[in-house]
Novice: 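Sharing a structure, written as structure tokens. Questions coming.
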4 protein chains.
Amino acid sequence: MAQAAQTTTDKPRNKRAQLLEAAAEHFVRHGYAASSMRDIAAGAGMQPASIYYHFPSKVDLLVAVHEEGLRRITQATAGALIGVSGPWTRLEAACIAHLTALLEGGVFFQAVMREPPDVAGEARSRITEMRDEYEAIFVRLLEDIDFPVDTDRHDLRLMLLGAMNWSFTWYRSGQEAPESIARKFVAYLRDGLAAPLSGRD
Amino acid sequence: MAQAAQTTTDKPRNKRAQLLEAAAEHFVRHGYAASSMRDIAAGAGMQPASIYYHFPSKVDLLVAVHEEGLRRITQATAGALIGVSGPWTRLEAACIAHLTALLEGGVFFQAVMREPPDVAGEARSRITEMRDEYEAIFVRLLEDIDFPVDTDRHDLRLMLLGAMNWSFTWYRSGQEAPESIARKFVAYLRDGLAAPLSGRD
Amino acid sequence: MAQAAQTTTDKPRNKRAQLLEAAAEHFVRHGYAASSMRDIAAGAGMQPASIYYHFPSKVDLLVAVHEEGLRRITQATAGALIGVSGPWTRLEAACIAHLTALLEGGVFFQAVMREPPDVAGEARSRITEMRDEYEAIFVRLLEDIDFPVDTDRHDLRLMLLGAMNWSFTWYRSGQEAPESIARKFVAYLRDGLAAPLSGRD
Amino acid sequence: MAQAAQTTTDKPRNKRAQLLEAAAEHFVRHGYAASSMRDIAAGAGMQPASIYYHFPSKVDLLVAVHEEGLRRITQATAGALIGVSGPWTRLEAACIAHLTALLEGGVFFQAVMREPPDVAGEARSRITEMRDEYEAIFVRLLEDIDFPVDTDRHDLRLMLLGAMNWSFTWYRSGQEAPESIARKFVAYLRDGLAAPLSGRD
DNA sequence: AATGAATGAGGTTTCATTCAT
DNA sequence: TATGAATGAAACCTCATTCAT
């Protein structure tokens, strides 16, 4: 019943949302360049021309997908930190949230954590700017950790994010849970892997 | 005379090589889908139709680029291991070679270490197969290390390769050397980052 | 209250008039084919769909612009003849009025004195018919002049109107006044330009 | 036989020429904006895509049409002056050539003597520049005539050219010959039309 | 070994217009 | 009186590819 009510309430916004979802899905599956407006329109159940009532161009659609995706992942990751304390524990929580969103959260999350497509200046910088804003969460998390001297927090952050973001290339749903993967990544960095007796050569 | 000999000898090879180089460059810069045969031809100094003398189709060009790139990076990484001993030292040497090739070695290396383009079955599996063959080097390197019990070598390998392969998204030439980055990545994993006195929370 | 009355009285007329003006402006500046309903609507401060409340189609808008423009120029030219006598003086007065309207009177005048756009039958003939009606003023003015025998009044009229109507292609506001140009055109035809002593070769 | 030989000789250039001709024809008949590449291609007996082998864009086709048309009309008008003497006679010869070309010489001549279409900067200025170059012929012809003092050669030229260029709006083939019309235009300006006894009011 | 010329399919986008509200 | 949302058709143009030479 609540559902029925919601359906009627949603209707005005439905089409735009469907469109965005269809676009995100195609961008993720085939890449931006290989996603045609025709296919995206078909995925949203409308005519290609109708897209242009909602978005002025294909690249604007891309930007809108990124806006939505980054809004969502920011909410997910920041939300996972509420009430969590202990610097390593917080980092782990953020990584779990990030990786779970990316690997199991749906197309919007994946759409934003890819190598940015080859688009012209303004759109590209808007996308980069939004991503940097999100990644600032991790900058702050690493600042809070008491690392050994001369640890390079910058490279460390990119190492960790790279390891996570690359995972969509090999992750297969139904095998190891994203949470488990994230825990391992953090543990390996925190504890190190040199066996006490074997030396470091 | 030596020149004349070289000219005649090189020419046939040259054109094909130029073409492959131009293709790799476009694939890296704009992605496979956004790279047109026209632009690739222009980059190689020939007419679009002339490409088809050397390669039967665009996707074959892609496969050839991957063949060449993987041949090169295999040679680079395997070569860097010759005469090197100590399991962690060997891993470090391989990472240095891999990252240096990727970030400063030219377009062929970058062309192969990207998320694989959205192409049809046969080409895709050929590319995947070649990549797996290369990454087997790292499988073996990790087998040789005496890790703590219940270390997940599989996830560890993908973590390390992901961190490295993602680096092309943020690396800027002229700043930190790839070798330095690689050393850090390995050190962090080997030694861990939890400060002795601060605890692991 | 006067305001309220005015508002209610003007509004309906206003929007239609604004629309017509915006259409005339676009037709003049970009031509009929290159003027989009979207742009015209924007120029009139309304949505494209709203045009169709006032006019059933684009071509009807064109016809309406011509109706308004020809109404205005007929009024201007015929008005300029009231109380003027002397056949050459009357012709001159008409030419001054025509050229002043065309070059400085605003978009409606220019909209109607252009090569007629490539539209289908009915609209085209309606436009032609209205123009012929206007040009009849000049037919009558020339009938009243006592020309040398075998003067071709038909070609003469078209020569004079052609010279005037073409002027929008080279006229630049702020330089010579339209009135001055019109006087010259008439004077040259009336008095001729062969210098008395130089012969006519 | 000569014909057959010519046909085989012309072949390489044929397609481009046909294309230009078809474009000129459509531009003249429907205007630039209303001429579609599809229709032009059909007129030239090729596929729309094939146009782009010869010309990079629609606007380049327009410029090429103007280049060809202005080349032709310059040749026609300048050619008509060879061996002709007497300043008025020369002006008359030029007007006959101009008007004959325009009204009976085919689409290229008409294509260039129209109000220039609403195209972007570079193409527009190239077209204007070429036209000015052609009209310079008339500048020189008028300089050679010994007019009454204070005759405005500038306005006179534009009056004459306007009268001629406008004629395509009313000229119907098969009635009065262009040559006859041109003679009248020049005669009226040379001799004037005020009847000796009637006065100039 | 290369290319000039062409093409069918499909790309993104704009068009005039409709219609329920 | 106006418009938000949509659409079928068509716009210009690019695509990978072909083929005779």
Side-chain angles (χ1 to χ4, degrees), chain A residues 11-16 19 32-41 44-61, chain B residues 11-16 19 32-41 44-62, chain C residues 8 11-12 14-16 19 32-41 44-61, chain D residues 11-16 19 33-41 44-61:
Chain A
K11 259 217 172 135
R13 236 176 218 160
N14 246 358
K15 274 292 165 82
R16 206 192 115 106
L19 193 45
Y32 173 74
S35 298
S36 82
M37 294 298 263
R38 261 197 257 282
D39 292 345
I40 293 170
M46 42 169 56
Q47 297 303 117
S50 306
I51 297 181
Y52 290 85
Y53 179 77
H54 301 280
F55 297 94
S57 74
K58 190 183 175 188
V59 75
D60 282 284
L61 202 44
Chain B
K11 248 206 179 147
R13 252 225 153 64
N14 249 355
K15 272 291 164 85
R16 207 191 115 106
L19 193 45
Y32 173 73
S35 297
S36 79
M37 294 297 263
R38 260 196 253 297
D39 291 345
I40 293 169
M46 45 170 57
Q47 296 304 118
S50 308
I51 297 181
Y52 292 86
Y53 176 79
H54 301 280
F55 297 94
S57 76
K58 190 184 175 187
V59 75
D60 284 287
L61 203 43
L62 177 74
Chain C
T8 15
K11 250 208 178 144
N14 250 356
K15 273 290 164 88
R16 206 191 115 105
L19 193 45
Y32 173 74
S35 297
S36 78
M37 295 297 264
R38 261 196 252 295
D39 291 345
I40 293 169
M46 45 169 58
Q47 297 302 120
S50 308
I51 297 182
Y52 292 85
Y53 176 79
H54 301 282
F55 298 95
S57 77
K58 191 185 176 188
V59 74
D60 283 287
L61 203 44
Chain D
K11 255 208 175 144
R13 238 179 215 157
N14 246 0
K15 274 291 166 82
R16 206 192 117 108
L19 192 45
S35 297
S36 82
M37 294 299 261
R38 260 198 257 287
D39 292 345
I40 294 170
M46 42 170 53
Q47 296 304 117
S50 306
I51 297 181
Y52 292 85
Y53 178 77
H54 301 279
F55 298 95
S57 75
K58 190 184 175 188
V59 75
D60 282 284
L61 202 44

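Below, chain A is the first sequence line, B the second, and so on; all start at residue 1. Below, each value reflects all heavy atoms present in this structure, side chains not excepted, and no hydrogens, waters or symmetry copies.
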Novice: Can you tell me if D:Ser50 touches the phosphate of E:dA5, counting only side-chain N or O atoms and a distance under 4.0 Å to OP1 or OP2?
Specialist: no
Novice: Once Watson-Crick and G-U wobble pairs under 3.5 Å are found, how is DNA chain E written in dot-bracket notation, 5' to 3', with | for any base paired to another strand?
Specialist: .||||||||||||||||||||
Novice: Could you state the atom-to-atom distance from OH of A:Tyr53 to P of F:dG4 in whole Å?
Specialist: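 Nearest whole value for this atom pair: 5 Å.
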Novice: Can you give one letter per nucleotide of nucleotides 13-20 of chain F, 5' to 3': B if a protein heavy atom sits under 4.0 Å from the base, S if only from the sugar-phosphate, - if neither?
Specialist: BBBSBBB-
Novice: Taking only the side-chain nitrogens and oxygens of A:Gln47, find out if one of them lies under 4.0 Å from OP1 or OP2 of F:dA6.
Specialist: no
Novice: In whole angstrom, give the distance that lies between atom CD1 of D:Ile51 and atom P of E:dG4.
Specialist: 20 Å
Novice: How far does NZ of D:Lys15 sit from CE of D:Met46, to the nearest 0.5 angstrom?
Specialist: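 Nearest 0.5 Å value for the NZ-CE distance: 5.0 Å.
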Novice: Is there a side-chain polar atom (N or O) of A:His54 under 4.0 Å from OP1 or OP2 of F:dG4?
Specialist: no
Novice: Minimum heavy-atom separation for B:Tyr32 to B:Lys58, with atom names?
Specialist: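 Reported closest heavy-atom pair: O-NZ, 3.0 Å.
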Novice: Rounded to whole angstroms, how far apart are CG on A:Leu19 and P on F:dA5?
Specialist: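 That distance rounds to 13 Å.
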Novice: Taking all non-hydrogen atoms of both residues into account, name the closest pair between C:Ser35 and C:Ile40 and its distance.
Specialist: CB-CD1, 4.3 Å
Novice: Between F:dT7 atom P and A:Met46 atom CE, what is the distance in whole Å?
Specialist: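 Rounded to the whole Å, the gap is 6 Å.
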Novice: Is there a side-chain polar atom (N or O) of D:Lys15 under 4.0 Å from OP1 or OP2 of E:dA5?
Specialist: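 No, no such contact exists.
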Novice: Nearest-Å distance, CD1 (D:Ile40) to C1' (F:dA11)?
Specialist: 12 Å
Novice: Residues in side-chain contact (heavy atoms from CB on, under 4.5 Å) with C:Tyr52, at least two apart?
Specialist: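 Result, side-chain contact (heavy atoms from CB on, under 4.5 Å) vs C:Tyr52: C:Met37.
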Novice: Can you name the side-chain hydrogen bond (donor to acceptor under 3.5 Å, both in side chains) partners of B:Ser57, sequence neighbours left out?
Specialist: B:Asp60
Novice: In chain order, what residues pass the side-chain contact (heavy atoms from CB on, under 4.5 Å) check against D:Pro48, with sequence neighbours excluded?
Specialist: D:Arg38, D:Ala41
Novice: For B:Ser50, check side-chain hydrogen bond (donor to acceptor under 3.5 Å, both in side chains) against everything at least two apart and list the hits.
Specialist: none
